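Nothing here was measured: the structure is a model prediction, and the numbers come from that model. Every chain is numbered from 1 and lettered A, B, ... according to where its sequence line falls, protein lines coming before strand lines.
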Amino acid sequence: MGTTGPVTGNRDDGWTFRARAVTKVYANGVRANDGISLHVAPGEVYGLLGPNGAGKTTLVKQVIGLLKPTSGQISLGGHDLLADPAAARQLCSYLPQAQVPIDSFRAREAIVLCGRVRGGKRAEVEKRADELIEALDLGEWRGKRGIGLSGGVKRLVGFAMVTVCPGRLVILDEPTNDVDPLRRRMLWQQVRELGDRGIAVLLVTHNVLEAEKAVDRVAIIDNGRLLAEGTPSAMKAADRGHLRLQLMIAPGRDAPQAPPFARRARLAGRTLMAVLDEPDAPDGIKWAQEAVASGVAEEYALGATSLEDAYIELTGHASGHEDAGRR
Amino acid sequence: MTMIAAPGPAMRRPAPPERWLRGYGRMAAWDIASLRLYLPVLSCVLILQGAGFVYGMGLLFADMPQSAAVFVSTGAPVMNLITVGLIFEPQLVAQQRMQGSYEFLQALPVPRSAAALAWYTVALATALPPVVLTLLAGLARYHLHLAITPMVIPAVLLTCLTGVLMGLAVAHGVTQPMAANLISVTLIFVMTGFSPVNFPAGQLPGWLASVNQWLPFGSMATITRSALVPGFADGVPRAYAVVAAWAAASALVVAWAQGRRG
């Protein structure tokens, strides 16, 4: 698809987003953010991972001026976003976790009007809207009203609305919710393209498996604190030379004890996830096959460890796709 | 004029007056597009409210006194003007809060005052046809003759503006959707049954008439009625002052509510 702006790549051209020691304590005493510091360079896709209630949404609401930190600083380039929330709204575009309000709009109209409200010129916005509709395979719904669209299509229209004229920082809160697998790939491609155009992307999700493929760097936060930060590869480094064995427990059956040679194991929903040393793989397969044969488990999967393993280790929570191993 | 984003369609951050005007125009377009399924229905509801009230009150009397007919026929359009702002916006924002879309709209890069004025424009355009039809219904039902003066323009504009600002104050000042809905409905009941909008203040108990000297609804009716039937209403300058004070106070509440950041 065509582009309407220069491709700037991943570089710091003065528009780096920075949060410094951001702490948010609500009036009821809940400490939603506790000294969070991070930065996102232009062109970088930065994943903010964490379980529900970790403080991710609180952080992004402070970025766009809907909440004010108890202490700390938030800036984008030379702009102090806390002192100038109007600049924050101009420079940042935000896709919230909830659906955008487009019941009365036709899909293309919503994208174009949002681009116009964000300050784009009509001709450029219309051209870019058509590019996004094509790139996200939304052509069949371009003239349909939002009230008749499925949740997934609405989500994609919302994504197009906030990225048609994106500013310098795009904040996406669970952008793939309700989106079908094929169009998820298209959406992630567009997220990458935002980065390629020099826009900083802050991706908020608890879907670690998807985020791993899309992000340049990730931060894992829980209970308001930043637990770890780095590239997905660096985050997985601790598990290099290890394999992940997933055992899908049969309905009505109790999970078996993890094999004694497992380095660690956790039960996430109906899935027992164990991390093994590579030499223990044959024993792991044998153990899993016996579990299936005895009816305790329905199936198993053995594969490379992922970012999700690091995430689980740090937070103690499984990510949004506990059944991902079966796909 | 500063270019602040190269990627994608160029997003300009123009000088404040241009930014405000552009925000006003585009938010008005947004409001019209986002409410296009509902605004015609709202207009119909207002017509039913106004014309229904005018005709319904007539059923109480075999021969309605002329002064009562004037009160009813000039009060019902005022109810239209107040209701559109006082009821619709709080309900709309309450729905947005419950659906989670409130934050998306608050994050749009439009000056708050421009967005508020855009909504006022849309609300006024929605209310005016029902106001005219309600007035015509009253004239037809009671065979009245009005002597409409140019003061009808500031009276209608100020009455609708105050209703809209009060509605915005409730919508953005009360964060609990159910509470906001209850407050706006309560205010409508106060307007209908306990304020001298459709009847003279002298019909109220003394204490309630005194309270109403400081409440906006009776004064809104006074300024509008005085422009439709010159000489029929007393205390018009004071009524303008009271309504303007409520508009200003409501605007301050809106500014505070939209400026606070938890």
Side-chain angles (χ1 to χ4, degrees), chain A residues 3-8 24 26-27 61-62 64-68 82 85-106 109-110 113-121 123-125 127-128 145 147 158 161-168 194 197-199, chain B residues 1-14 16 18-41 92-93 95-115 118 172 175 258-262:
Chain A
T3 60
T4 55
V7 175
T8 57
K24 176 65 182 177
Y26 285 111
K61 282 184 181 176
Q62 292 169 101
I64 53 169
L66 296 178
L67 290 174
K68 192 171 186 179
L82 299 184
R89 295 198 299 272
Q90 189 79 26
L91 293 167
C92 310
S93 50
Y94 172 50
L95 179 67
Q97 197 168 351
Q99 294 286 14
V100 291
I102 57 167
D103 281 358
S104 296
F105 293 93
R106 299 184 192 285
E109 176 192 33
L113 196 46
C114 199
R116 297 277 290 150
V117 168
R118 291 200 54 76
K121 292 180 178 174
E124 292 179 15
V125 167
K127 180 170 177 278
R128 180 73 183 130
R145 287 196 196 282
I147 199 166
M161 287 167 71
V162 302
T163 57
V164 67
C165 194
R168 288 289 177 180
L194 285 170
R197 290 169 175 225
I199 296 165
Chain B
M1 197 171 296
T2 310
M3 302 290 286
I4 62 168
M11 187 176 72
R12 297 178 303 144
R13 194 176 197 209
E18 187 191 342
R19 186 160 71 231
W20 194 95
L21 285 172
R22 193 187 66 191
Y24 166 75
R26 293 179 184 178
M27 274 316 286
W30 178 282
D31 286 339
I32 291 168
S34 68
L35 297 171
R36 61 160 69 104
L37 298 179
Y38 309 106
L39 291 179
V41 177
L92 191 66
V93 171
Q95 187 186 16
Q96 290 165 356
R97 286 189 195 275
M98 287 191 286
Q99 292 175 343
S101 57
Y102 180 75
E103 281 145 7
F104 171 80
L105 293 165
Q106 292 298 299
L108 291 175
V110 178
R112 305 293 198 211
S113 57
H172 296 287
T175 55
Q258 293 204 302
R260 72 182 164 182
R261 290 184 278 163

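- Within the 4.5 angstrom heavy-atom criterion, no atom of Gln62(A) approaches chain B.
- Only the side chain of Tyr38(B) comes within less than 4.5 Å of a heavy atom of chain A; its backbone N, CA, C and O stay farther away.
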(Q) Checking Ile102(A) against Ser101(B) for the side chain to side chain contact (heavy atoms under 4.5 Å, CB included) test, could you report, in this order, the C-alpha distance in whole Å, the side-chain angles of both residues, the deciding distance, and whether it holds? (A) CA-CA 10 Å; Ile102(A) 57 167; Ser101(B) 57; over 6 Å; no
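- Interface residue Pro101(A): backbone and side-chain heavy atoms are both found under 4.5 Å from chain B.
- Taking every heavy atom of both residues into account, Leu113(A) and Ala33(B) meet most closely at CD2-CB, 4.0 Å.
- Taking every heavy atom of both residues into account, Arg36(B) and Phe105(A) meet most closely at NH1-CA, 4.0 Å.
- The CG atom of Leu108(B) sits 9.0 Å away from the CZ atom of Arg89(A) when rounded to the nearest 0.5 Å.
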Inset, instruction - Please assess Met27(B) against Val117(A) for the test side chain to side chain contact (heavy atoms under 4.5 Å, CB included), listing each intermediate value before the final yes or no. - result: CA-CA 7 Å; Met27(B) 274 316 286; Val117(A) 168; 4.3 Å; yes
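- Looking at Ile64(A), the atoms closer than 4.5 Å to chain B (heavy atoms on both sides) all sit in the side chain, from C-beta outward.
- Nearest heavy-atom pair across Phe104(B) and Cys114(A) is CZ-SG, 3.9 Å.
- When each of Arg112(B), Gln96(B), Gln99(B), Arg260(B) is scored by its heavy-atom pairs under 4.5 Å with chain A, the top score falls to Arg112(B).
- Ranked by non-hydrogen atom pairs under 4.5 Å with chain B, the options Gln97(A), Lys68(A), Gln99(A), Arg106(A) are led by Lys68(A).
- Contacts of Gln106(B) with chain A are made by both backbone and side-chain atoms, with heavy-atom separations under 4.5 Å.
- Using modelled atom types, no side-chain atom of Arg116(A) and backbone atom of Arg26(B) make a donor-acceptor pair closer than 3.5 Å.
- Of the listed residues (Ala29(B), Gly100(B), Ala107(B)), the one with the most heavy-atom contacts under 4.5 Å to chain A is Ala107(B).
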